[in-house]
Amino acid sequence: MCEISHFDAGDLVGVLTTQPLDRLLDYKAPAGGCFLGALVEVPLGPRKVLGVVWAKGQGGFDPKKIRVISRVLDVAPMRPEMHEFLRRVADYTLTPLSAMLRLATRAPGLMDPVSMRLVYTLGEGEPDRMTPARERVIAVLEDHDGVYFTLSELAEMAGVSTSVIKGLVSQGVVLANKTPRDVAYPTLDTQHVGKALSPDQSAAAARICESMETGAYGTWLLKGVTGSGKTEVYLEAVATCLRQGRQALVLLPEIALTAEFLKRVEARFGARPAEWHSGVTMTERRRCFRMVSQGNAGLVVGARSALYLPFRDLGLIVVDEEHDQSYKQEDGVHYHARDMAVLRASITSAQVVLASATPSLESWANARAGKYTRVDLHERFGVAEMPVITSIDLRAHAPDRGHWISAPMIEAVRARLGRGEQSLLFINRRGYAPLTVCRACGYQIGCDQCDARMVEHRFQNRLMCHQCGATKPVPEACPKCHELGKLAPVGPGVERLAEEAEALFPDARIAILSSDLAQSARAIKARIEEIASGQADVIVGTQIVAKGHNFPLLTLVGVIDADLGLQGGDLRAAERTFQLMRQVAGRAGRADRKGAALLQTHQPDHPVIRAIISGDDEGFWAAEAAQREAAGVPPFGRMAGIVLSSPDVAQVFDVATAMSRQIAPLSKIGAQVFGPAPAPIARIRGRHRVRLLIKAAKGAPIQVAIAAWVAQFRLPANMRLTVDIDPQSFY
Ligand code: ADP
Ligand code: ZN
């Protein structure tokens with residue numbers, strides 16, 4: 001950043017706004033002047049927009065025409081580290097700075113004045129009589145102790161009218177307090193002693209905490225099987241960070257996991273941290289943003305976008321389940337939260353802890369190369385042992401047509417039912433059936449807008465496109481040959497598997513767990529808690545069950561189709577299958593009962609299946625790394641995915657072909673261009689998609705080259721181009 005940090009009234013300043021313009025705009029500093037980094041409101045045409053004082057003004061315009069900043073907002077100025085972070089993410093991901101600023105100012109009410117308002121909390125009073133609506137209000141307040149709700153937010157969360165809440169206020173059951181809009185979060189008590197750690201845990205925690213004390217940057221790969229106590233280890237690092245007076249951020253891959261984590265933080269530190277994710281109310285988001293910027297929130301638990309919060313002094317970032325795909329944002333700004341966490345930490349001299357039982361090959365390789373420091377927890381905590389994993393060869397034990405649960409699997413589930421233990425049948429497919437086919441003419445029902453098949457969701461009694469979300473009723477007659485009653489589902493989804501389980505185990509309580517079957521994160525959380533407390537015998541679930549939840553009574557994990565992820569040529573197919581199978585198998589046997597995992601497969605000798613079963617993680621990663629290294633693909637080479645899309649299929653191919661022929665800026669760095677080819681999903685929402693793939697050597701300056709290459713072309717107005725650096729999926 002430049003050396004001047006204060007501007008006097010009338011000085012020229014360059015303002016970056018959240019509007020999609022590709023340059024800074026010159027303004028005059030307002031009366032009283034302003035600081036570099038100040039968040040400001042500026043006039044733009046007839047409107048007032050949000051911006052940040054980014055640099056000295058450029059000049060060169062008629063000074064009389066330059067407008068004055070309307071006002072400096074009552075928000076902490078953007079710190080130089082944030083400025084640098086946004087700039088470097090923009091450069092890395094080839095994103096305009098204005099879009100980065102939008103990411104970094106995604107809090108409601110930034111332009112509002114600081115004021116008082118009423119918030120609602122639980123009081124001491126007893127209601128004269130209890131009604132279901134009143135109960136819900138009280139339950140929400142009890143569940144969200146320490147959270148501030150406005151009247152309308154509380155009414156919405158509880159699903160009641162505001163008059164119910166007012167009634168409770170009049171009886172002193174609920175209190176309406178006048179408070180400043182934003183209140184500091186309670187201080188977490190770091191003197192509170194945590195759990196006594198095992199020798200493995202203590203050693204890991206000591207090493208990480210020691211490096212925290214240096215105040216320098218460093219990244220740790222904390223590897224340990226599910227249940228080995230990684231969370232306890234990184235909570236020690238959080239405690240050290242807070243004691244130093246710095247702030248900590250814990251990223252989780254899934255909102256449904258936060259509830260359990262918040263409880264653990266509360267048990268460890270006596271208070272709840274700040275939360276930042278899509279399930280948080282507007283009031284809390286606003287509070288979190290402001291308190292983080294003032295240093296009045298010590299710990300934030302959040303989703304990937306929490307990386308862009310204006311921390312005052314960020315000392316630690318934990319990325320839990322660091323291998324999880326949801327850390328990669330695939331719309332808008334294409335960034336990987338794990339990689340950007342490392343970048344942010346390196347700028348603010350913070351430590352990063354990447355925790356996983358099955359690290360990404362990227363992190364594994366970075367640890368091997370000495371860029372990250374690896375610490376391993378070798379065993380499960382306490383008496384719990386890792387489950388034994390074996391395969392069921394479907395060639396020898398084929399279920400009947402239209403069935404998917406093999407005889408050995410049925411037997412294993414029955415044995416658990418007999419002992420009062422839980423089983424999980426896992427299939428990574430939502431809905432009832434992935435395909436609906438006409439038995440008369442062979443027609444397959446597809447989406448009208450996308451190049452994708454419609455998936456039957458029997459629960460909702462509709463067909464759904466998993467690309468664009470479009471739905472339609474299941475037709476009575478085939479849309480093509482018009483025969484009645486010939487449409488049939490083909491293949492299993494989680495709903496169909498549950499139907500089969502119900503028929504096989506009529507006395508068992510069957511629970512389905514799939515992300516689309518619950519209305520909200522709250523409902524999913526409630527269902528998970530029910531299952532964990534033993535209110536189900538057989539759980540039929542999609543990958544939502546693979547993620548970090550604790551089911552103490554679960555002793556059997558049955559994978560219905562272990563081969564599913566191995567199909568298709570995705571570069572990460574083996575890695576993903578390995579991770580998913582190990583994660584889901586890790587759900588079994590977490591408490592004092594030993595677990596088992598059974599994988600149904602047609603190819604028990606496939607190297608990936610063999611690696612999963614043998615438990616030779618290092619062998620698997622080393623082999624996978626060697627293959628990728630030989631092919632020059634990530635993490636040993638660089639890749640970028642370019643997708644062009646347009647309603648006009650001929651036009652989009654023409655432009656892509658032209659682009660593939662003028663590649664001088666790419667050739668200069670030795671990059672290769674593949675394509676154009678139809679993207680794997682060739683049409684989404686009516687737009688035809690064509691893909692080019694760029695491959696370069698590891699050290700090549702791929703972003704600069706791509707920017708120069710793209711700049712050669714003028715795209716037609718209805719065409720869109722997206723650049724995905726380090727693509728994680730190729731859709
Ligand atoms: P991971 O994060 O590696 O999956 P957790 O930290 O969630 O593992 O630990 C698994 C279980 O073991 C949790 O229920 C946790 O409370 C318990 N646990 C872990 N470490 C300890 C410890 N040192 N003392 C007591 N319980 C522990
Ligand atoms: Zn669609």
Side-chain angles (χ1 to χ4, degrees), residues 192-209 220-240 248 250-254 256-270 273 299 301 316-324 327 352-360 363 374-387 422 424 525 528-529 531-534 543-555 557 579-595 597 615 617:
H192 218 94
V193 210
K195 296 190 163 115
L197 299 182
S198 71
D200 245 14
Q201 284 176 316
S202 307
R207 289 182 67 194
I208 298 171
C209 293
W220 297 83
L221 174 59
L222 176 59
K223 180 184 180 291
V225 295
T226 336
S228 58
K230 298 184 291 297
T231 310
E232 297 302 327
V233 170
Y234 71 66
L235 285 179
E236 283 308 303
V238 169
T240 303
V250 174
L251 297 180
L252 300 176
E254 173 104 32
L257 291 172
T258 45
E260 194 175 318
F261 182 74
L262 293 176
K263 266 193 224 145
R264 288 178 73 165
V265 171
E266 201 167 356
R268 175 72 180 75
F269 298 113
L299 170 62
V301 177
L316 172 69
I317 308 175
V318 176
V319 184
D320 201 358
E321 309 284 357
E322 66 91 32
H323 63 279
D324 199 286
Y327 283 122
V352 180
V353 176
L354 308 176
S356 176
T358 53
S360 59
S363 298
R374 182 165 158 176
V375 264
D376 283 35
L377 300 180
H378 299 282
E379 284 165 4
R380 283 194 156 181
F381 182 79
V383 291
E385 288 172 53
M386 278 307 281
Q422 285 178 332
L424 163 68
K525 180 191 139 204
I528 287 169
E529 278 171 7
I531 293 172
S533 72
Q543 68 161 354
I544 184 171
V545 297
K547 295 193 181 182
H549 305 289
N550 259 321
F551 298 119
L553 301 172
L554 185 72
T555 59
V557 168
Q579 287 162 342
L580 185 59
M581 294 300 114
R582 294 299 296 249
Q583 291 279 338
V584 73
R587 298 297 116 213
R590 294 210 21 146
D592 50 353
R593 304 178 196 214
K594 190 157 172 71
D617 295 12

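Both ligands and their constituent atoms are indexed starting at 1 by order of listing. In what follows, every heavy atom counts, from backbone to side chain, and hydrogens, waters and symmetry copies are set aside.
In this structure a side-chain-to-backbone donor-acceptor pair under 3.5 Å is present from Tyr327 to Leu251. Looking at Gln579, its side chain does come within 3.5 Å of a backbone N or O of Pro359 through a donor-acceptor pair. Looking only at distances, a side-chain donor or acceptor of Gln201 sits under 3.5 Å from a matching main-chain atom of Gly229.
When the heavy-atom distances from atom 23 (N) of ligand 1 to Gly586, Ala196, Ala205, Gly229 are ranked, the shortest goes to Ala196. Of the candidates Arg264, Glu260, Lys230, Arg264 brings a heavy atom nearest to atom 7 (O) of ligand 1.
Under 4.0 angstrom from ligand 1, the non-hydrogen atoms of Val225 all belong to its backbone.
Here Arg268 pairs with Glu236 under the salt bridge (charged side-chain N to carboxylate O under 4.0 Å, His left out) rule; sequence neighbours left out.
Close approach of ligand 1 to Lys195 (heavy-atom distance below 4.0 Å) involves ligand atoms 16 (O), 21 (C), 22 (C), 23 (N), 24 (N), 25 (C), 26 (N), 27 (C). Taking every non-hydrogen atom of Glu232 and a distance limit under 4.0 Å, the qualifying atoms of ligand 1 come out as 6 (O), 16 (O), 19 (C), 20 (N), 21 (C).
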Practice problem: Begin with the C-alpha distance, continue with both residues' side-chain angles, and end with the deciding distance and a verdict on salt bridge (charged side-chain N to carboxylate O under 4.0 Å, His left out) for Glu529 and Lys263. | Solution: CA-CA 13 Å; Glu529 278 171 7; Lys263 266 193 224 145; 3.7 Å; yes
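At under 3.5 Å, not a single nitrogen or oxygen of Gly224, backbone or side chain, sits near a nitrogen or oxygen of ligand 1.
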